[in-house]
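Notes follow the structure.
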Amino acid sequence: MERTLVIIKPDAVQRGLIGEIISRLERRGLKIVGLKLMQIDEALARRHYAVHEGKPFFPGLIRYITSAPVVVMVLEGREAIEIVRRTLGATRPAEAAPGTIRADFALEVGRNLVHGSDGPETAAFEVALFFDQAELISWSRDTDRWIFE
Ligand code: IDP
Ligand code: MG
């Protein structure tokens, strides 16, 4: 089973889309093992987005992600990383496939509502960046056998 980090970004929180976004990921069958509302400070934002440091959009990205509360969650499932990325849609909402969160609710790359880890190493790094071990719950779900073969 893989674990991946999702951030419901400030624009999604401000627009009242927390429930909609959690619902889409939850009903897909992914299991929630961590979930909280928080405000990202500048230091955390810089660590999370360190790979983008130096790019023209970096200062705006840090302002955006720290501008209002976010909801962070850890989702678990087979191939959870790729499944989440595909459920979110392409980074640029204009290029996102219809039916994805970014295509259905967003227009611009700088207000694209959600973050999902992009690979196993980043997922492990990001989960540890946002959650203490004690905040992550390993639980057995009675419906797992109806979701996983
Ligand atoms: P991802 O979120 O789909 O992994 P990345 O390329 O890793 O996309 O970029 C991280 C975030 O930085 C994007 O989700 C978006 O919020 C922001 N971003 C990326 N490119 C641009 C841009 O050209 N203008 C403004 N913001 C951008
Ligand atoms: Mg990325």
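- Residues Val109 and Phe57 are not in side-chain contact: their nearest non-hydrogen atoms beyond the backbone lie 4.5 Å or more apart.
- Leu37 contributes atom CG, which lies 9.5 Å from atom CD1 of Ile8 (distance to the nearest 0.5 angstrom).
- At distances below 3.5 Å, at least one donor-acceptor pair connects side-chain atoms of Lys31 with backbone N or O atoms of Trp139.
- Distance CD1/Ile62 to CG/Asp41: 10.5 Å, rounded to 0.5 Å.
- A donor-acceptor distance shorter than 3.5 angstrom exists from the side chain of Ser117 to the backbone of Leu5, with no hydrogens or angles considered.
- Within the hydrophobic cluster formed by Ile, Leu, Val, Met, Phe, Trp and Tyr side chains joined at under 4.5 Å, directly or through other members, Ile147 is accompanied by Met1, Phe148.
- Inter-residue side-chain proximity for Val71 and Ile7 is flagged as unmet; no heavy-atom pair is nearer than 4.5 Å.
- Between Leu136 atom CG and Phe131 atom CZ the span is 6.5 Å, to the nearest 0.5 Å.
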Report all side-chain donor-acceptor pairs from residues 74-81 shorter than 3.5 Å, counting only partners two or more places apart or in another chain.
{"from": "Glu76", "atom 1": "OE1", "to": "Arg3", "atom 2": "NE", "distance (Å)": "2.8"}
{"from": "Glu76", "atom 1": "OE1", "to": "Arg3", "atom 2": "NH2", "distance (Å)": "3.1"}

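- Every residue was checked against the ring pair (Phe, Tyr, Trp, His ring centres under 6.0 Å) condition with Phe125, not counting sequence neighbours, and none meets it.
- The shortest non-hydrogen separation linking Ala90 to Ala96 is N-CB, 3.6 Å.
- Here the side chains of Thr87 and Arg28 are in contact, with some heavy-atom distance below 4.5 Å.
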Candidate pair Val114 and Ile21, rule side-chain contact (heavy atoms from CB on, under 4.5 Å), full reasoning
CA-CA 9 Å; Val114 272; Ile21 291 167; 3.8 Å; yes

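- To the nearest 0.5 Å, atoms CD1 (Ile83) and CD (Glu2) are separated by 8.5 Å.
- Scanning for side chain to side chain contact (heavy atoms under 4.5 Å, CB included) contacts around Asp142 gives an empty result, with sequence neighbours left out.
- Taken together through direct or relayed side-chain contacts under 4.5 Å among Ile, Leu, Val, Met, Phe, Trp and Tyr, Leu35 and Ile40 form parts of separate hydrophobic clusters.
- A single hydrophobic cluster is seen to contain both Val6 and Ile18, as judged by linkage of ILVMFWY side chains at heavy-atom distances under 4.5 Å, directly or through other members.
- Here side-chain hydrogen bond (donor to acceptor under 3.5 Å, both in side chains) pairs that include residues 90-104, with residues two or more places apart or in two chains, are Arg24-Asp104.
- Note on Leu88: it does not cluster hydrophobically with Val72, by side-chain heavy-atom contacts below 4.5 Å among ILVMFWY residues.
- Here CG of Leu113 is found 12.0 Å from CD of Gln14. Values are rounded to the nearest 0.5 Å.
- For Ala128, there are no side chain to side chain contact (heavy atoms under 4.5 Å, CB included) partners two or more places apart in sequence or in a different chain.
- To the nearest 0.5 Å, atoms CG (Leu30) and CD1 (Ile22) are separated by 12.5 Å.
- For Arg15 (side chain) and Phe105 (main-chain N/O), a donor-acceptor pair under 3.5 Å exists by modelled atom type.
- Of all non-hydrogen atoms in Ala123 and Thr4, the two that sit nearest each other are CB-CA, 4.2 Å.
- When side chains are defined from C-beta on, Ile65 counts as touching Pro10, because their heavy atoms get closer than 4.5 Å.
- For Glu42, the side chain to side chain donor-acceptor pair (under 3.5 Å) partners two or more places apart in sequence, or in a different chain, are Arg46.
- Note on residues 113-131: no pairs pass salt bridge (Lys or Arg N to Asp or Glu O under 4.0 Å), not counting sequence neighbours.
- For the side chain to side chain donor-acceptor pair (under 3.5 Å) test, residues two or more places apart in sequence or in another chain that qualify with Arg141 are Asp144.
- Here the closest heavy-atom approach between residue Ala103 and residue Ala97 is recorded as CB-O, 3.1 Å.
- Across all their heavy atoms, Tyr49 and Phe58 have their closest contact at O-CE1, 3.4 Å.
- In this structure, Ile137 and Ile32 have side chains that are not in contact, with every pair of non-hydrogen atoms separated by 4.5 Å or more.
- Residues passing the ring pair (Phe, Tyr, Trp, His ring centres under 6.0 Å) test with His48, sequence neighbours excluded: His115, Phe130.
- The side-chain hydrogen bond (donor to acceptor under 3.5 Å, both in side chains) pairs that include a residue from residues 59-73 are Asp11-Tyr64, where partners are two or more places apart or lie in different chains.
- Lys36 is linked by a salt bridge (charged side-chain N to carboxylate O under 4.0 Å, His left out) to Glu135, counting only residues two or more places apart in sequence or in another chain.
- Minimum interatomic distance between Ala106 and Pro93 (heavy atoms only, all atoms of both residues): O-CB, 3.5 Å.
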